[in-house]
Number of protein chains: 2
Amino acid sequence: MGGYSNNFVINEDYAVHIPDNLPMDGVAPLLCAGITLYSPIKHWNVKPGMKVAVMGLGGLGHMGVKFAVAMGAEVTVLSHSPSKQDDAIAMGAHHFISTKNAENLLPLVKSFDLILNTVSAELDINDYLNLLKLDGTLVVIGLPGKPYAVHAGTLLNGRRSLSGSMIGGIPEMQEMLDFCAKHQIVSDVEVIKAEYINEAYKRTVANDVKYRFVIDASTFQKLCTSSAKIGAIAKAGKRFPTATLLMLSSFSAIQISMIPPTTVMAST
Amino acid sequence: MGGYSNNFVINEDYAVHIPDNLPMDGVAPLLCAGITLYSPIKHWNVKPGMKVAVMGLGGLGHMGVKFAVAMGAEVTVLSHSPSKQDDAIAMGAHHFISTKNAENLLPLVKSFDLILNTVSAELDINDYLNLLKLDGTLVVIGLPGKPYAVHAGTLLNGRRSLSGSMIGGIPEMQEMLDFCAKHQIVSDVEVIKAEYINEAYKRTVANDVKYRFVIDASTFQKLCTSSAKIGAIAKAGKRFPTATLLMLSSFSAIQISMIPPTTVMAST
C-alpha cells in the first residue's frame, strides 16, 4: 500500500499491527476499502436490531456487508448486478435486491436505519433516501461525478440525513484490524503479479474483479533493477519484524492493493 | 391556530398548556414556527460551547436564534437582508453575516456545529455545507422549490450531514412552551384584525413582517353572522378554563397565526 517498493521507513505512530491469524493478501485492501467502510459503520453505531443496506457490491461494498453482518445488523445488498446475489449471500447478507428495476425499491420505503452508498455511478439519491426510517442516515462513500439532486422534502420527511465519510484514522485502523482478527474478516482478493497491473486495470474498469486485486510486491524485483526506498517520515530507523507493520494506505483509484513488502522499517 | 373559530372541541391528548406568564399573541406562532425550530435544536443537542448558524431571519429563523441563544450556543445569523442586523443582535445573536456578498462566508469555513436553514429561496447549499466543522449538520427547515445540488465531496470532507426536520410532537410542544416560560421567549408579532388578512398576506409575500402576523380571533365575530364550531375529534365535551389549551397547529403557509379563541373545549 502506498508505494511499489520493498522497504519503507515510517514513523511508528503511522504503523499498525497486522494480526498474525489473517492472510496478508486479504488484509492489504482492509487498509483502504476496509477502513473506509468500518469507520462509518462504527460511527453510526451499527449493532443487532438495526437494518442496514449496502448500495453496490464492489471493493468497498463487500467490506461493508462483512462488517455490518459481523456487528449483528440485518443487511440488505442493493445492487445493479443480479449476478452478484450468490456472493452477497455468501458474505452473510440477509437480503439481495436488484436495483435494475426501480420498482423493487418500493417495498423497502422507510426500512433502513443506515444505508451505505458505495456507488459512484449516477443515480437518483431520493429513491434511496426514501428507504430510510425515522432518523435514518444515508452515508455517501463513493464519489459520483455529478452532484446529487436532493429534494428537501425527502429529508424533512422522517428527519433523514445524507452524510459522507472518508477513510479513517490510525487508531480506528488498528481497531478494525483487531475486529477482523476476532471475526476472521478479510477482503475477497485476486492476487496478481506486477506485470499484470495493466491488465488488472482494464478488468477493474470493466467491473471484472472480485473484489480487489492485490499485487504481490515481491514480483516488482523482477521488473526493477533497484527497489526504491521510501522514507515517508524519515527519522532514525528502527527495524520491526516482517509483516507486523503496514503503511497507511492512500486511496487506490484503480482498486488495486499490494501485499505488504517483505521488509518494513519504522522510525521512532 | 388551525381554524377561524371561537370554539374548538378536541381530544385532550392533543392539547397543550399555555404558561400563564406568556402573552397569548406572542405564543400563537410558537405552535408553528416555534416548535419547528425548537425540535431540531433539541434533537441536535444545542448547548454551551456549540457554534450555531441560522440561515434566514424570518418567522422561522428568529425563533431559531432565540432558542439557540437560550440554550447557550454562540449564534451567527446568515441573512440576505443587512437591514435585519439590529434585530438579530437584539434577539441575542452574537454575530450577523450578510450573505449578499458570497465572500463573506469564506472566513466561516469549518466554523459551525449546526446550521439551521430556514431559507426557502434557491441557493448553493454547498457554500453552506462548507461552513460545517467535523461531524457538523446542516438542517433544512424551509422548503425550496428546486432540489439542492449536493456535491458528495463536500459531505465526505469532515463527515458532514445534510438533514431535514419538520414540526414536532405534542410532548415536545409542551416542553417547548415550558422552556419559553422559563426563558421568557415568545415570537415577535404584529397583531392584526380579521379584516386585515388580505393586506397581511400581501405584506408577507413582500417580506414585510416582523416576524409573524397574529390574527385576533375575537375580531372574526364582526365578520361572521355565526361562528363555526369545529369538532376535531369530537367526543363528549369537557370544558377547560380559557387559554389553557391550544389546538395543534397546521403549517401556516402565509406565516399568519391566530390568538387562541376565547373558549376552548377538549373531549376526554
Side-chain angles (χ1 to χ4, degrees), chain A residues 35-45 55-56 60 114-130 132 134-169 172 251, chain B residues 35-45 55-56 60 114-130 132 134-169 172 251:
Chain A
I35 185 65
T36 300
L37 270 294
Y38 182 87
S39 184
I41 284 172
K42 281 293 287 187
H43 181 73
W44 275 277
N45 197 21
M55 295 167 61
L60 294 171
L114 184 70
I115 300 177
L116 301 161
N117 175 15
T118 71
V119 177
S120 52
E122 214 174 319
L123 48 76
D124 186 343
I125 199 71
N126 302 285
D127 289 345
Y128 294 89
L129 286 168
N130 275 326
L132 292 170
L134 176 68
D135 288 330
T137 301
L138 189 156
V139 186
V140 179
I141 295 154
L143 264 181
K146 290 189 179 176
Y148 291 121
V150 179
H151 293 291
T154 313
L155 297 175
L156 266 68
N157 185 0
R159 200 163 47 193
R160 294 163 169 144
S161 293
L162 176 67
S163 307
S165 182
M166 186 164 58
I167 314 275
E172 198 169 42
F251 248 127
Chain B
I35 187 63
T36 300
L37 270 292
Y38 182 86
S39 184
I41 284 172
K42 281 294 287 188
H43 180 75
W44 276 277
N45 198 21
M55 295 167 61
L60 294 171
L114 184 70
I115 299 177
L116 302 161
N117 175 16
T118 71
V119 177
S120 51
E122 214 175 319
L123 47 77
D124 185 344
I125 199 71
N126 302 282
D127 289 347
Y128 295 89
L129 286 168
N130 274 325
L132 291 170
L134 176 69
D135 289 329
T137 300
L138 189 157
V139 186
V140 179
I141 295 155
L143 265 181
K146 289 188 179 178
Y148 291 121
V150 179
H151 294 290
T154 312
L155 297 174
L156 267 69
N157 184 1
R159 200 162 48 191
R160 294 164 170 143
S161 292
L162 177 66
S163 307
S165 182
M166 186 165 58
I167 313 276
E172 197 169 43
F251 247 127

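Each chain gets a letter, A, B and so on, in the order the sequences are listed, and its residues count up from 1. Because the structure is predicted, anything quoted here is derived from the model rather than measured.
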TODO: Could you please spell out the steps behind the side-chain contact (heavy atoms from CB on, under 4.5 Å) verdict for A:Met166 and B:Arg159?
DONE: CA-CA 7 Å; A:Met166 186 164 58; B:Arg159 200 162 48 191; over 6 Å; no

Open item on the list: Quick check for you: to the nearest 0.5 Å, what is the distance between A:Leu162 atom CG and B:Tyr148 atom OH?
Closed with: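 Nearest 0.5 Å value for the CG-OH distance: 12.5 Å.
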
Open item on the list: Nearest 0.5 Å, please: how far is CG in B:Asn157 from OG in A:Ser165?
Closed with: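 Here the interatomic distance stands at 11.5 Å.
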
Open item on the list: For chain A, which candidate among B:His43, B:His151, B:Arg160 shows the most heavy-atom pairs at distances under 4.5 Å?
Closed with: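 Looking at each option in turn, the highest pair count goes to B:His43.
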
TODO: Kindly give the heavy-atom pair with the smallest separation between A:Pro144 and B:Ala152, and that separation in Å.
DONE: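 A:Pro144 and B:Ala152 have their closest heavy atoms at CD-CB, 3.5 Å.
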
Task: Residue, of A:Pro40, A:Gly153, A:Ala149, that accumulates the most heavy atom pairs under 4.5 Å with chain B - done: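 Of the options given, most contacts go to A:Ala149.
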
- [ ] Under 4.5 Å heavy-atom distance to chain A, tell me which part of B:Asp135 shows up: side chain, backbone, both or neither.
- [x]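 Just the side chain, heavy atoms under 4.5 Å.
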
- [ ] Please determine which of A:Leu143, A:Ile167, A:Ile141 meets the side-chain contact (heavy atoms from CB on, under 4.5 Å) test together with B:Leu156.
- [x]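 So, applying the side-chain contact (heavy atoms from CB on, under 4.5 Å) to B:Leu156 and each of A:Leu143, A:Ile167, A:Ile141, only A:Leu143 qualifies.
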
